[in-house]
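Chain A is the first sequence line, chain B the second, and so forth, proteins listed ahead of strands; every chain is numbered from 1. The figures that follow rest on heavy atoms only: side chains count, while hydrogens, waters and symmetry mates do not.
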Amino acid sequence: MERLSFTYPARQAVARRVHVGVVGSGDLEVLLEPSNDAQAHVAVTTSVDGFGTVWQHVLDRFFTRFDAAAAIEINDFGATPGMVLLRLEQAAEALRA
Amino acid sequence: MSTPPERARFLARDSFIELTARERAVRVLDAGSFRELAGPFDRLTSPWLPLQDIVTQADDGVVIARGTLEGHAAVVASIEGAYQGGSIGEVSGAKLAGALELALRDAGRGRPVRPVLLLETGGVRLQEANLGLAAIAEVHAAIVALRRHVPVVAVVAGAVGCFGGMSLAAALASHLIVTRQARLGMNGPEVIEQEAGLAELDALDRARIWSLMGGEQRYATGFADALVEDDAAAIGAAVRSAFASAAGGAPRSERVASLSARLAAIDAAHPPEPAALRALWARETGA
């Protein structure tokens with residue numbers, strides 16, 4: 001198990017909380033809520049060690065299209081990068097809905 | 001191209017098994033009435049799993065929701081089978097027991113709340129050992145106390161099934177609803193194979209496993225009260241009709257004489273095959 005944290009610049013405020021996903025095999029859960037500063041913070045807990053660079057790339061890509069000041073908690077149980085992006089997009093979509 | 005009616009019916013189903021624990025609770029309750037208690041943002045997670053390098057889930061794998069069933073106050077406890085096999089730890093067990101104990105308190109005050117358990121669990125979470133077992137015992141005690149006031153309705157839909165100490169919770173319920181995909185048993189197939197050997201049970205033999213502990217067999221031998229399709233609307237309807245009909249009769253677990261007679265009819269040295277057991281232990285109609 002490894003814990004990673006990332007910070008990104010943000011422009012929009014987040015109005016509510018969103019929860020998607022399950023900590024099942026090859027899956028993850030995402031908890032998204034307003035952050036207490038003007039930045040986005042991502043706290044990842046993953047069952048698979050040694051993939052910090054991959055997480056960085058996946059989150060860099062997500063934050064090219066997402067600019068909300070969210071505190072995002074990710075609990076990951078071995079999801080592939082594609083799965084992680086899908087869950088993040090799902091959370092972003094739920095936030096807009 | 002015409003579609004055979006069976007296939008059309010299959011495709012028209014709205015699978016309950018494919019839903020997450022939270023979606024299941026939403027779908028069972030009256031539309032729009034779901035209100036979660038102790039939800040993921042309360043972050044009641046297992047304190048024991050991180051010490052063993054295991055990632056936690058923010059709700060510890062149990063969703064507790066208040067809402068209504070046909071307008072009557074209800075509480076649903078739904079276990080997430082995809083998280084750690086739906087296993088019951090200290091926190092998830094406390095959520096289950098707490099929900100039932102609060103329903104008991106309300107029933108004692110003349111405000112009955114209809115309790116529904118959506119069970120998808122391998123039983124105790126081995127990483128939390130005695131704490132999980134203690135919580136499961138509290139769940140059992142709460143079901144027995146609560147069912148004197150209001151029927152306790154349990155659903156085992158699949159695909160995990162319901163095993164270990166939580167299979168006793170299913171057995172204690174006033175009314176148990178299963179699907180063909182459900183499995184119900186004290187020990188799961190892999191545990192049986194590991195402990196008693198391949199000659200006893202091949203845990204990869206799915207047809208054999210379902211013939212022994214599958215929902216259809218459990219229903220045919222009187223261990224479940226309703227056998228329904230894997231369909232969210234069908235399961236919701238079965239839950240509602242359970243509360244309408246489950247008033248009379250002693251709970252299954254109190255029918256000690258008839259259960260003892262069933263055991264006495266079995267020669268343990270030559271146990272019957274599943275089909276023979278259905279004849280021997282046919283459903284007691286009207287019981």
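- Residues that satisfy the ring-ring contact (aromatic ring centres under 6.0 Å, His included) test with A:F66, not counting sequence neighbours, are A:F62, A:F63.
- Here the closest non-hydrogen pair linking A:V18 and B:F41 is O-CZ, 3.2 Å.
- Of the two parts of A:L32, only the backbone, made up of N, CA, C and O, holds a non-hydrogen atom closer than 4.5 Å to a non-hydrogen atom of chain B.
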Are there donor-acceptor atom pairs under 3.5 Å between chain A and chain B, and if so which?
| from | atom 1 | to | atom 2 | distance (Å) |
| --- | --- | --- | --- | --- |
| A:H19 | ND1 | B:R22 | NH1 | 3.3 |
| A:V23 | N | B:Q57 | OE1 | 2.7 |
| A:E29 | OE2 | B:A58 | N | 2.6 |
| A:E33 | OE2 | B:R43 | NH1 | 3.0 |
| A:E33 | OE2 | B:R43 | NH2 | 2.9 |
| A:E73 | OE1 | B:R43 | NE | 2.6 |
| A:E73 | OE1 | B:R43 | NH2 | 2.8 |

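- Residues satisfying the side chain to side chain contact (heavy atoms under 4.5 Å, CB included) test with B:V26, not counting sequence neighbours, are B:F34.
- Contacts of A:V30 with chain B are absent, with no heavy-atom separation under 4.5 Å from either backbone or side chain.
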